[in-house]
Every structure is written in structure tokens, then in C-alpha cells.
Amino acid sequence: MIITDRPKTVIDSIQNHIRRGITIVHDAEGAYHHDNKTILFTVISQYEMNDLEEAMNEADNSAFVSISELYKVLGHFYEPKL
């Protein structure tokens, strides 16, 4: 889960580093400053963790990123090449 105010930049960076689908939740609000945020959800393998960190450092190093282990993934996992 990624909370950012730069969703387009983050999405482009992640998809340049890792071919993953990303779900966008618009119009989230930060509780502390009440500023507008976007929540992005994506699933990666443990082997792509460094690629995600690299993408986030390039796109938005002030984004909040929460990484959790998954038990199982059902459905489409990899994105086809463009």
C-alpha cells in the first residue's frame, strides 16, 4: 500500500521498474494535515522488494509505503508486456 500525493509519478516509476498492476483509490485525506492523498495498491514478490524501493526513491521518497506479507494471491498477478 502506497499513500502519495504524486500518484502519476509513482505509478510510472513502479511500472518502469516492475510490470505490476496497480489499483488507485482517489480522494483519500491525511488525518494530520487534512491534505489530499491517493492510495495505491500493488502486489510484488519478495524478489522485487529492492526494485520497489528504487522506484519509490525516484518517484516520491516522502510517500508512506506499507509492506505486508500475503498468504495467497488469487487472480491476475503479472502484467503483460506492452
Side-chain angles (χ1 to χ4, degrees):
M1 178 180 69
I2 301 163
I3 301 173
T4 181
D5 54 3
R6 301 178 65 198
K8 174 79 171 112
T9 305
V10 170
I11 290 167
D12 289 346
S13 185
I14 290 172
Q15 290 183 330
N16 284 334
H17 283 79
I18 312 166
R19 295 296 311 156
R20 290 283 174 241
I22 300 169
T23 299
I24 305 166
V25 180
H26 297 284
D27 300 324
E29 179 183 343
Y32 190 72
H33 291 289
H34 299 282
D35 46 356
N36 290 329
K37 299 287 182 181
T38 300
I39 302 171
L40 306 174
F41 289 99
T42 191
V43 176
I44 62 170
S45 73
Q46 67 184 21
Y47 306 106
E48 295 165 320
M49 190 73 65
N50 288 336
D51 293 330
L52 177 65
E53 287 184 38
E54 212 174 282
M56 291 308 303
N57 285 334
E58 287 177 12
D60 184 0
N61 60 6
S62 64
F64 178 84
V65 180
S66 175
I67 300 169
S68 302
E69 244 182 277
L70 291 173
Y71 176 72
K72 182 188 272 189
V73 174
L74 301 173
H76 190 63
F77 185 60
Y78 289 100
E79 281 293 304
K81 294 186 180 195
L82 297 176

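Hydrogens, waters and symmetry mates are skipped; everything else that's a heavy atom, side chains included, is used.
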> Side chains of Lys37 and Asp35: does their closest heavy-atom pair fall under 4.5 Å?
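They are in side-chain contact.
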> List, one per line, each side-chain donor-acceptor pair under 3.5 Å for residues 25-34, sequence neighbours excluded.
| residue | atom | partner | partner atom | Å |
| --- | --- | --- | --- | --- |
| Glu29 | OE2 | His34 | ND1 | 2.6 |
| His34 | NE2 | Ala31 | O | 3.4 |

> Applying the 4.5 Å side-chain criterion to the ILVMFWY set and letting contacts propagate, would Leu40 and Met56 be lumped into a single cluster?
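Yes: a chain of side-chain contacts under 4.5 Å links Leu40 to Met56.
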> Give, for atom NE2 of His17 and atom CG of Asn57, the distance between the pair rounded to the nearest 0.5 Å.
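These two atoms lie 9.0 Å from each other.
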> Which heavy atom of Arg20 sits nearest a heavy atom of Ser45, and at what distance?
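Closest approach of Arg20 to Ser45, heavy atoms only: NH2-N, 4.2 Å.
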> Starting at CZ of Arg19, measure out to CG of Asp51 and round the result to the nearest 0.5 Å.
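Spacing of CZ (Arg19) from CG (Asp51) equals 13.5 Å.
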> Which pairs of donor and acceptor atoms, one on a side chain in residues 59-74, lie under 3.5 Å apart (sequence neighbours left out)?
| residue | atom | partner | partner atom | Å |
| --- | --- | --- | --- | --- |
| Asp60 | OD1 | Ser62 | N | 3.1 |
| Asp60 | OD1 | Ser62 | OG | 2.9 |
| Asp60 | OD1 | Ala63 | N | 3.3 |
| Asp60 | OD2 | Thr4 | OG1 | 2.5 |

> Met49, Ile18: one ILVMFWY side-chain cluster at the under-4.5 Å cut-off?
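Looking at the clustering, Ile18 is in the same group as Met49.
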> Go through it in stages, so that I can follow the logic: the residues are Ile14 and Ile44, the test is side chain to side chain contact (heavy atoms under 4.5 Å, CB included), and I'd like the CA-CA distance, side-chain angles, deciding distance and then a yes or no.
CA-CA 10 Å; Ile14 290 172; Ile44 62 170; 6.0 Å; no
> Starting from Ile11, can I reach Phe41 by hopping between I/L/V/M/F/W/Y residues whose side chains sit under 4.5 Å apart?
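No, separate clusters.
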> Starting from Ile22, can I reach Leu52 by hopping between I/L/V/M/F/W/Y residues whose side chains sit under 4.5 Å apart?
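Same cluster: Leu52 reaches Ile22 through Ile, Leu, Val, Met, Phe, Trp or Tyr contacts under 4.5 Å.
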> In Å and rounded to the nearest 0.5 Å, what is the CE to CD1 distance from Met1 to Ile3?
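Spacing of CE (Met1) from CD1 (Ile3) equals 4.5 Å.
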